[in-house]
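First up is the structure itself, then whatever we jot down about it.
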Amino acid sequence: MNKIFKPLLLTTAFLIASYSVHAQEKCATWTNMQQEMKEHPELATQYEQWQTTIDNYIKEHKGKPKNGGKRIIPVVVHVIHEYGAENISKEQIISQIDALNEDFSRTNNTYNNIPTPFKALAADCNIEFRLATKDDMGNCTDGIVRVYSPKSTDATNRSRFKDLSYWNSNKYLNIWVVKSIDAGESMQIPGTVLGYAQFPYNIFPSGLMSTDGVVLRSDHTGRIGTAMQPGRSGRTATHEVGHWLGLRHIWGDAQCGNDFVDDTPIAYGPNFGVCWDKYPYHVTGAQNCNRSALDTLGEMFMNYMDYSDDDCMAMFTHGQLEVMDATLNSFRKNLWSA
């Protein structure tokens, strides 16, 4: 909701006022960013520069023809485990890569469920993820690294678990699979976070490249094995990779907030338990964000950047694709190939 990125003054007051979902937290990307900014104040300036870069790219390329073909992104999956169920199989990891590729190519199994008014906004992102076949040294690999460590149960940046295994984030999308993720000091609700990612703005020159990537809880990775449970279709990764490619939550991480995308309807906050049978879904009362009376479409709960159940998610919009295109052609331009 909104057509362009705007500079954002990230003061302490802003960070404290940011929207919190408390016990229903699913994604800790925004919480993690707040913590990083407390430890690295210079990131606030980089955040504004990132938004300006993305905004300028979108304006300069609006309406211009796009080059065809997939953007291929090599992936390395680091499984941090204690020899338990979190040491997921290669087949389960491959099922996650398959889920990502379906969601980012608009070939997902929920696409046909999108209500007609929103279906026209659903984008094929022309992005393909592949497990790496060569490591940083040019050696053959299957793109999977397994490391034993008790840090699998305390997977936060402050525990430095990513130091256990990391590949150059200028060449690979790093995905860390762990047993559990602490929600962080500000949330104090361990075990409720399913994943988190690092936004692209804080790679350079802050020196945070070694933490760049996506973290997933093992039982929400892929769609077989430990993840083969009702309501799990590998879309925690789709959501987190969306952050990694520059997307905000659809509610803008604030009540009736701004996700800086022009074709996502305004949302009061994250949607839980909303699915196809509730369309059109409207938040009522003071929580309707002062919508126009002509706005009859309701919440875009099926967007991958909301908190709906996996089976109720189905789309990125063309506006969100513009942000991802801008990210891939600026901050992550060295990472993909045609």
Side-chain angles (χ1 to χ4, degrees), residues 25-29 31-32 35-36 39 73-100 129-185 187-198 207-229 232 234 236-241 243-244:
E25 179 81 2
K26 292 178 68 175
C27 165
T29 296
T31 303
N32 189 60
Q35 187 63 37
E36 288 176 343
E39 298 173 2
I73 296 177
V75 179
V76 55
V77 177
H78 312 273
V79 182
I80 312 300
H81 66 92
E82 295 182 275
Y83 294 110
E86 70 280 356
N87 189 16
I88 61 176
S89 69
K90 180 176 181 178
E91 290 73 22
Q92 186 170 338
I93 292 170
I94 291 173
S95 78
Q96 179 60 82
I97 300 300
D98 290 343
L100 282 171
F129 302 89
R130 296 182 186 176
L131 286 171
T133 57
K134 293 290 181 67
D135 67 14
D136 249 345
M137 303 299 293
N139 301 310
C140 291
T141 179
D142 62 358
I144 301 171
V145 181
R146 300 180 185 274
V147 179
Y148 167 81
S149 174
K151 291 184 177 181
S152 182
T153 60
D154 184 26
T156 60
N157 280 354
R158 68 177 183 275
S159 75
R160 301 186 67 86
F161 77 97
K162 294 178 181 177
D163 292 351
L164 298 168
S165 185
Y166 158 80
W167 290 12
N168 187 345
S169 58
N170 205 31
K171 297 180 180 179
Y172 306 92
L173 163 56
N174 286 272
I175 296 179
W176 289 271
V177 175
V178 298
K179 184 176 182 179
S180 63
I181 304 170
D182 189 335
E185 296 174 0
M187 303 295 291
Q188 298 181 345
I189 46 171
T192 61
V193 173
L194 307 183
Y196 67 93
Q198 185 164 302
L208 298 182
M209 286 185 66
S210 62
T211 60
D212 184 49
V214 168
V215 182
L216 302 174
R217 214 170 76 178
S218 58
D219 58 348
H220 284 263
T221 301
R223 51 196 181 191
I224 64 172
T226 62
M228 193 168 62
Q229 300 183 38
R232 300 183 189 178
T236 294
T238 302
H239 179 102
E240 300 305 338
V241 172
H243 285 312
W244 182 78

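Below, each value reflects all heavy atoms present in this structure, side chains not excepted, and no hydrogens, waters or symmetry copies.
Between the CD1 atom of I73 and the CG atom of L173 there is a distance of 6.5 Å, given to the nearest 0.5 Å. Between the CD1 atom in I97 and the OG1 atom in T221 there is a gap of 10.0 Å [rounded to 0.5 Å]. With values rounded to the nearest 0.5 angstrom, T141 atom OG1 is found 4.0 Å from W167 atom CH2.
Inter-residue side-chain proximity for E36 and Q198 is flagged as met; some heavy-atom pair is nearer than 4.5 Å. With contacts defined as side-chain heavy-atom distances shorter than 4.5 Å, the pair L164/H78 does not qualify. Side chains of P74 and R130 form no contact here, defined as non-hydrogen atoms less than 4.5 Å apart. Inter-residue side-chain proximity for I88 and H81 is flagged as unmet; no heavy-atom pair is nearer than 4.5 Å. Residues V145 and V79 have side chains not in contact (no heavy-atom distance under 4.5 Å, counting atoms from C-beta outward). Using a 4.5 Å cut-off on side-chain heavy atoms (C-beta onward), I93 and L131 make contact.
Applying the salt bridge (charged side-chain N to carboxylate O under 4.0 Å, His left out) test to every pair with at least one member in residues 139-151, sequence neighbours left out, gives these pairs: K90-D142.
Residues forming a ring-ring contact (aromatic ring centres under 6.0 Å, His included) with Y166 (at least two apart in sequence, or on another chain): none. Every residue two or more places apart in sequence or in another chain that forms a side chain to side chain contact (heavy atoms under 4.5 Å, CB included) with E91 is listed here: S89, I224. Checked against side chain to side chain contact (heavy atoms under 4.5 Å, CB included), T153 has the following partners two or more places apart in sequence or in another chain: E82, K179, S180. Listed by chain and residue number, T29, V214, E240, H243, W244 satisfy the side chain to side chain contact (heavy atoms under 4.5 Å, CB included) test with A197 (two or more places apart in sequence, or in another chain). By the salt bridge (charged side-chain N to carboxylate O under 4.0 Å, His left out) test, K171 pairs with D136, sequence neighbours left out.
Scanning both residues, F161 and I80, for their nearest heavy atoms gives CD1-CG1, 4.4 Å. Across N174 and D212, no two heavy atoms sit closer than the pair CB-O, 3.7 Å. For L216 against I175, the heavy-atom pair with the smallest separation is CD1-CG2, 3.8 Å. Taking each heavy atom of Y196 and A28 in turn, the nearest pair found is CB-C, 3.6 Å. In terms of heavy atoms, G222 sits closest to S95 at CA-OG, 3.4 Å. Residues T211 and K162 come closest through the heavy atom pair O-NZ, 2.7 Å.
When atom types are taken as modelled, the side chain of Q96 and the backbone of G234 share a donor-acceptor pair closer than 3.5 angstrom. Remark: side-chain polar atoms of D219 are not paired, donor with acceptor, to backbone N or O of T226 under 3.5 angstrom. Between the side chain of S159 and the backbone N or O of D154, at least one donor-acceptor pair lies under 3.5 Å.
The aromatic rings of Y83 and Y148 sit parallel to each other, their planes meeting at less than 30°, with 60° as the upper class boundary.
Under the side chain to side chain contact (heavy atoms under 4.5 Å, CB included) test applied with V193, the options T156, V215, I181 reduce to a single match, I181.
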